[in-house]
Amino acid sequence: MRIGDLADGVTRGVEGFAASVSETFMEPVIRLGVTGLSRAGKTVFITSLVANLMDRGRMPQLRAAASGAISSAYLQPQPHNTVPRFDYETHLAAIIGPDPHWPDSTRAVSELRLSLKVRQGGLGGLLGAVTGPRTVHLDIVDYPGEWLLDLALLEKGYAAWSRETLERIDQRPGAQGFRDALAMADPAAKLDEPVAQALAAAFTAHLQAARAAGFSDCTPGRFLLPGEMAGSPVLTFAPLPAPSGATPRGSLWREMERRFEAYKAEVVKPFFREHFSRIDRQVVLVDALGAIHAGPRAVEDLRRAMTEILGAFRPGRNAWLTSLLLGKRVERILFAATKADHLHHTQHPRLTAIMQALMRDARRRADFAGAETAAMAIAALRATVEETREQGGESYECVRGRLLENGREAALYPGELPEDPAALLDPARDGAEHWLDAEYDVMRFAPARLTLRPGDGPPHIRLDKAAEFLIGDRLG
């Protein structure tokens, strides 16, 4: 183990000990990580979750809310002064204002602290009278899903990453430009910086096209969200085919390898040291319907991304991460299929079953054990109503909402999800290009215009059930 790694571990251990002492004798803190894969709606999830914890009329499946144990909830300044605050007020105004619209996505780490006054349960007599209600702080950490997937890079060398990336690139859209750039590059040749830049730009364009087409595993994540790192050497590399001969110092291959390792050391590790290692609970939001609509290859890519995520939460194989966490692990992980309001409620169990099947497969392939996991179908903000329509003598269970592109009302019948998830997962695993016996449609709905009753948060589907799984046990 290197001295730097040992220092990381010691620092993390001291911080963890201080936090545990603070929680034992003062006010407990739950650190909830929220991330999403490919347009899954994490900004709306956080906004609606906070709004519904502050006004709990729509949270009957959160036991602490239903029983009245939560007496109040209020926002406080987040504890980390160098982390941007999640802009809750602006996002809430976007979804419940007179002209509702989806808020802008966050493109970096942000944080929000919600404090809950919770009446003590099961403490009778003098002790209960003395302790009274306690304050539980919920620190919500919002970060891009691509950054979570980057953790898997820590276990790979440049050659293995290049091989795996190039093996699957033909299964994805937007790869032709990168293939053309690869054909003109010689990995063993002396580094020519314009060639490296052209390769990185073409690879980035491919990742952007893949994400737009509904693919989930689009790493390295900072290629899509470069921020102040745009144009730096740590974002100017790309996968290369392994050369047949030697790769001398100063060659394109050796420089790409050096930059790949620098990306892991200078971009990936600091993020997980500063943010990921402190998370207690995690929700991963997934646009499963978008992947299904995109086809079998996008569904298989989603399964692979879930496998990488579960592998990230099992640090035993990675010496650096093990030393950093020092025995701490995320206690609960929820995979939530969002946009359940795009389906009639009769199909929600099928969407949940598909997510559960994906998660079981990912757990098995990741050889995962430890945290409690769950999968469910949710809508953090319900944008549709349900209706039944007759056509050609048959009834169709539809959803109706305001279309995003023009604001007009429209009804959608997206098609029937299969009762057996294997009908989707098997062709996806086998590399099918299209669904053989079904079509799945999607529409993009705008938020509905709302009139909220006092005490009610925004309408949702099973957000209270998600909250019960994620934090309910810490509110009892």
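Just so it is clear, the model here is predicted, and its values are computed rather than measured.
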Are [X] and [Y] close enough for a salt bridge, meaning some N to O gap below 4.0 Å?
X      : Y      : result
Lys156 : Glu164 : yes
Glu331 : Arg281 : yes
Arg56  : Asp464 : no
Glu308 : Arg303 : no
Arg168 : Asp217 : yes
Lys465 : Glu468 : no
Asp150 : Arg222 : no
Glu255 : Arg258 : yes
Arg297 : Glu300 : no
Arg429 : Asp361 : yes
Asp142 : Lys42  : yes

Closest contact, heavy atoms only, Trp102 versus Ala446: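 So the minimum-distance heavy-atom pair works out to NE1-CA, 3.7 Å.
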Would you say [Y] and [X] are linked by a side-chain donor-acceptor pair, where the criterion is simply a distance under 3.5 Å?
X      : Y      : result
Ser115 : Gln76  : yes
Gln208 : Arg211 : no
Arg462 : His348 : yes
Ser48  : His460 : no
Lys117 : Ser72  : no
Arg363 : Thr373 : yes

Output yes when a side-chain donor or acceptor of [X] lies under 3.5 Å from a complementary backbone atom of [Y], and no otherwise.
X      : Y      : answer
Ser251 : Ala188 : no
Arg382 : Thr384 : yes
Trp253 : Ala246 : no
Arg259 : Thr236 : yes
Thr338 : Ala40  : yes
His101 : Asp99  : yes

Verdict with reasoning, Leu32 to Ile279, per side chain to side chain contact (heavy atoms under 4.5 Å, CB included): CA-CA 6 Å; Leu32 173 64; Ile279 288 171; over 6 Å; no
To the nearest 0.5 Å, what is the distance between [atom1] ([X]) and [atom2] ([Y])?
X      : Y      : atom1 : atom2 : value
Ser105 : His91  : OG    : NE2   : 8.5 Å
Leu116 : His137 : CG    : NE2   : 9.5 Å
Leu224 : Thr204 : CG    : OG1   : 7.5 Å
Glu155 : Leu151 : CD    : CG    : 7.0 Å
Leu450 : Asp456 : CG    : CG    : 11.0 Å

Report yes if the distance between the aromatic ring centroids of [X] and [Y] is under 6.0 Å, otherwise no.
X      : Y      : answer
Tyr263 : Tyr158 : no
Tyr143 : Phe271 : yes
Trp147 : Phe272 : no

Check for me whether Arg402 meets the cation-pi criterion with Phe445, that is, NZ or CZ under 6.0 Å from the six-membered ring centre and within 45 degrees of the ring axis.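 The answer is no, since Arg402 fails at least one limit relative to Phe445.
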Could you walk me through whether Leu114 and Met54 satisfy the side chain to side chain contact (heavy atoms under 4.5 Å, CB included) test, starting with their C-alpha distance in whole Å, then the side-chain angles of each, then the deciding distance to 0.1 Å, before giving a yes or no? CA-CA 9 Å; Leu114 179 69; Met54 296 179 75; 3.8 Å; yes
Kindly determine whether Arg113 and Asp139 satisfy salt bridge (charged side-chain N to carboxylate O under 4.0 Å, His left out), including the steps that lead there. CA-CA 4 Å; Arg113 168 165 282 193; Asp139 289 349; 2.6 Å; yes
Between Phe260 and Trp161, what is the ring plane arrangement, given parallel below 30°, perpendicular above 60°, and tilted in between?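 Rings of Phe260 and Trp161: parallel, under 30°.
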